Every structure is written in C-alpha cells, then in structure tokens.
Amino acid sequence: MKYTITESKIKNTITNYIMESFPMVGDVKYLKQTVMLGSTHGMPIIDQTIIRVIFNNQNNEYQRQDLIKLRNEIISKVDGLS
C-alpha cells in the first residue's frame with residue numbers, strides 16, 4: 001500500500017495536533033523563510049518553514065513563565081512528530 005503525504009496534509013496534521021493537545025492555543029500559522037547558508041562553500045540558499053503558535057491569553061490566565069513552558073513543550077512534541 002502506498003500513501004502520499006503532501007505538505008498541506010503535514011501542515012493540517014501538525015495544526016490539528018497542536019490545537020487538540022493545547023486548548024490555550026488560538027491559532028497556528030506557517031511562514032516560509034529563505035535562508036542563505038553563508039558558512040558553506042557556494043553559499044546555498046534553502047527554504048524553511050516556521051510554525052508560529054499564537055496563544056489565547058486575553059484574560060491573562062498565563063504568566064510569562066507558563067507561556068515559556070508551554071512553548072517548550074509544544075516544540076518538543078512537534079519535533080517528535082517528524
């Protein structure tokens with residue numbers, strides 16, 4: 001059996017995982033960024049995707065330390081998906 005995973009399916013999966021696992025997340029956005037690797041021969045240019053997670057903290061339920069812990073937890077869990 002063959003199953004093709006497109007970039008949009010990966011983004012949808014990551015977004016759904018974050019939104020379901022962390023109810024305090026308001027939105028998940030993806031940004032494309034072009035980076036030049038200046039330290040290597042020929043300075044290759046690569047594209048990378050940045051995942052921006054926006055917390056819903058309009059009622060000030062979470063302190064800065066709480067948000068940092070949540071950020072680190074999200075990073076570690078999403079890195080574990082790939």
Side-chain angles (χ1 to χ4, degrees):
M1 185 169 130
K2 197 176 206 182
Y3 186 73
T4 304
I5 298 177
T6 62
E7 186 176 352
S8 64
K9 285 183 185 176
I10 291 172
K11 286 181 180 179
N12 288 340
T13 301
I14 291 172
T15 300
N16 290 339
Y17 177 77
I18 291 172
M19 297 295 283
E20 290 173 9
S21 300
F22 301 94
M24 71 292 298
V25 171
D27 198 10
V28 178
K29 297 184 182 270
Y30 295 87
L31 305 168
K32 286 270 189 197
Q33 183 177 28
T34 302
V35 179
M36 183 172 10
L37 303 176
S39 62
T40 57
H41 181 66
M43 291 191 226
I45 297 173
I46 62 167
D47 288 328
Q48 64 183 12
T49 301
I50 297 172
I51 302 171
R52 180 172 287 169
V53 177
I54 301 167
F55 292 107
N56 181 5
N57 194 26
Q58 63 188 13
N59 297 327
N60 292 324
E61 298 173 47
Y62 304 101
Q63 300 296 321
R64 183 172 171 12
Q65 298 85 358
D66 300 329
L67 295 172
I68 290 171
K69 280 184 190 177
L70 289 168
R71 178 196 68 186
N72 293 337
E73 187 177 345
I74 291 171
I75 289 171
S76 94
K77 292 198 180 226
V78 170
D79 278 348
L81 290 176
S82 53

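Heavy-atom basis, side chains included; hydrogens, waters and symmetry copies ignored. Please read these numbers as outputs of a predicted model, since none were measured by experiment.
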Check the hydrophobic clustering (I, L, V, M, F, W, Y; side-chain heavy atoms under 4.5 Å; chains of links allowed) and say if I10 and V25 are grouped together.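 In one cluster with I10: V25, yes.
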
In terms of hydrophobic clustering (I, L, V, M, F, W, Y; side-chain heavy atoms under 4.5 Å; direct or indirect links), are L67 and I75 co-clustered?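 No.
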
I want to check something: taking the side chain as every heavy atom from C-beta on, are [X] and [Y] in contact at a cut-off of under 4.5 Å?
| X | Y | value |
| --- | --- | --- |
| Y30 | I51 | yes |
| Q33 | V35 | yes |
| F55 | D66 | no |

For the NZ atom on K9, are there more than 12 heavy atoms of other groups (residues, nucleotides or ligands in this structure) within a distance under 6.0 Å?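 Counting neighbours around NZ of K9, more than 12 heavy atoms of other residues, nucleotides or ligands fall under 6.0 Å, so yes.
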
Verdict with supporting geometry, R71 and I68, side chain to side chain contact (heavy atoms under 4.5 Å, CB included): CA-CA 5 Å; R71 178 196 68 186; I68 290 171; 3.9 Å; yes

Evaluate V53 against F22 for side chain to side chain contact (heavy atoms under 4.5 Å, CB included), listing each step before the verdict. CA-CA 10 Å; V53 177; F22 301 94; over 6 Å; no

Passes salt bridge (charged side-chain N to carboxylate O under 4.0 Å, His left out), E7 versus K11? Steps please. CA-CA 6 Å; E7 186 176 352; K11 286 181 180 179; 3.6 Å; yes

Do I14 and V28 pass the side chain to side chain contact (heavy atoms under 4.5 Å, CB included) test, and can you show the C-alpha distance, the side-chain angles, and the key distance before you say yes or no? CA-CA 9 Å; I14 291 172; V28 178; 5.5 Å; no

Can you name the closest pair of heavy atoms from P23 and S21 and give their distance?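 Heavy-atom minimum between the residues: CD-O, 3.6 Å.
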
T49 to K32 - nearest heavy-atom pair and separation: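 Smallest interatomic distance, heavy atoms only, reads OG1-NZ, 3.6 Å.
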
Spatial distance of atom CG (N56) from atom CD (E61) [nearest 0.5 Å]: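 One gets 7.5 Å once the value is rounded to the nearest 0.5 Å.
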
Is the backbone of I54 close enough, under 3.5 Å, to the side chain of D27 for a donor and an acceptor to pair up by distance?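 Between the backbone of I54 and the side chain of D27 there is no qualifying donor-acceptor contact (under 3.5 Å).
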
